[in-house]
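As structure tokens, the structure follows; a few thoughts come after it.
A note on names: the letters A, B, ... follow the listed sequences, proteins ahead of strands, and every chain is numbered from 1.
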Amino acid sequence: MLQQTQASRVAERFESFVGRFPDARTMAAAGENVVVAAWEGLGYYRRARLLYAAAVRICDVHDGEVPSSTEALLALPGIGRYTAGSIASIAFDCRTPIVDGNVIRVVARLEAIDAAADDPALVKRCWETADALVGAAKSPGVLNESLMELGATVCTPRLPSCDRCPVQTCCAAFRSGRAASMPRPKSRPARRIVHLYPVVLRRDDRVLLRQRPLRGIWAGLWELPSVESADPLEVPAIASGLGFKVDDLRQVETFKRLLTHREVHFHVYEASTRIRRGHWCDRVVSAELAMAKPMRSLVDRRVWASDWPGG
DNA sequence: AAACCGGGGAT
DNA sequence: ATCCCAGGTTT
């Protein structure tokens, strides 16, 4: 859950999530869909599917117990070198290094390496330094956590608090007055613009939902039936792009959401249809299906708002 | 090696 | 508006 997600954001969700899935057996028994639904709003939903897959494998291969060796952890889905090292060192006291975004920043400054934060040579050097530090530490877990905590609270990206840094005297970047400019920002491609045309279709006290493709953005999550396009679409193109017949297609709302890699323009329509096939969901089912954050807000606002029969 | 995958906080 | 976040998998 902490992968690419700020700890403060995880803290809001951790207790309820672990309360719901207290061990691997419980998670494996719950099923992937339930785990992904519990993940809703956290983003990078593949993590939830991989976590579920790891739970299944822990039950099948490790008798339901999280393995304690770095190698066995690394073999689990969704667990890479960082996560394996974190679990091994913090939970099991193994002398295993970790490198996350915080550690990269701390080491780049300690050693005054003027490179981009995602530069492979810098990252390699960070693993070597982290390995040396954890090798000399009294407690591997405490050392690893302290490196990350230093990066999160003192050695911050924009304006590091060098005046209250416990390792100021060891820091080459501080000595040369360049801490704030190291490491250099990662190069990031511009956001791709996507136009999304979700259509609200109601029947009785239900709404038609469907599952998104298993690849791409919001893979496998549920949505109002939608047409996706790199360019704006006219009404006929939206109607034909849905894959089933609709009538009286009319626009009701537009808004925009920024993601790291996308700028998504929502063009919300309502329509009527005589189609009866598909997942016509009442309010309870709608609430149980995993949706992306903007889609959830849209459905709750447009469909389940209090002034219509289903609400 | 590069691309892909959310959502929100901090500045 | 920009940069980043206790990254991993796929191509």
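Within residues 68-91 of chain A, the residues approaching DNA chain C are A:Pro77, A:Gly78, A:Ile79, A:Gly80, A:Arg81, A:Tyr82, A:Thr83, by heavy-atom distance under 4.0 Å.
Between A:Arg192 and A:Glu263, no side-chain nitrogen of the basic residue sits less than 4.0 Å from a carboxylate oxygen of the acidic one, so the salt-bridge criterion is not met. Ion pairing between a basic and an acidic side chain is recognised when a charged N comes within 4.0 Å of a carboxylate O; A:Asp247 and A:Lys245 show such pairing. Using a cutoff of 4.0 Å between basic side-chain nitrogens and carboxylate oxygens, A:Arg301 and A:Glu253 are scored as salt-bridged. A salt bridge does not link A:Asp100 with A:Arg105: every distance from a Lys NZ or Arg NE/NH1/NH2 to an Asp or Glu carboxylate oxygen is 4.0 Å or more.
Of the candidates C:dC4, B:dC4, B:dG6, the closest approach to any side-chain atom of A:Lys186 belongs to C:dC4. Side-chain atoms of A:Ala7 lie closest to C:dA6 of the nucleotides C:dA6, C:dT10, C:dT2. Of all nucleotides listed (C:dA6, C:dC3, B:dC5), C:dC3 comes nearest to the side chain of A:Arg158.
In this structure, A:His279 places its NE2 atom where only 12 or fewer heavy-atom neighbours from other residues, nucleotides or ligands lie under 6.0 Å away.
A sub-4.0 Å separation between OP1 or OP2 of C:dC4 and a side-chain N or O of A:Arg188 is present. A sub-4.0 Å separation between OP1 or OP2 of B:dG8 and a side-chain N or O of A:Lys293 is present. Taking side-chain N and O atoms only, A:Trp218 has a distance below 4.0 Å to OP1 or OP2 of B:dG7. Within the 4.0 Å cut-off from OP1 or OP2 of C:dC5, not a single side-chain nitrogen or oxygen of A:Arg9 is found. Distances shorter than 4.0 Å separate none of the side-chain N or O atoms of A:Arg47 from OP1 or OP2 on C:dT9. For A:Arg262, a side-chain nitrogen or oxygen approaches OP1 or OP2 of B:dC5 to under 4.0 Å. Close to B:dG7, at under 4.0 Å from its OP1 or OP2, lies a side-chain N or O of A:Tyr45. Between A:Arg212 and the phosphate of B:dC5, there is no side-chain N or O to OP1/OP2 separation shorter than 4.0 Å. In this model, the phosphate group of C:dG7 is approached by a side-chain N or O of A:Gln4 to a distance below 4.0 Å at OP1 or OP2.
Rounded to an integer number of Å, the gap from A:Leu42 CG to C:dC5 P is 18 Å.
Note on A:Ala292: only backbone sugar-phosphate atoms sit closer than 4.0 angstrom, heavy atoms only; bases stay farther off. Nucleic acid contact class of A:Gln6 (heavy atoms, under 4.0 Å, all strands): base.
One P atom belongs to B:dG9, the other to C:dG8, and the distance between them is 24 Å to the nearest Å.
Ring-base stacking between A:His261 and B:dC4 is not satisfied when judged by a centre separation under 5.5 Å and a plane angle under 30°.
Nearest heavy-atom pair, A:Ile275 versus A:Arg203, reported as atom, atom and distance to 0.1 Å: O-NE, 4.5 Å.
Aromatic ring orientation, A:Trp39 versus A:Phe17: perpendicular (interplanar angle above 60°, classes split at 30° and 60°).
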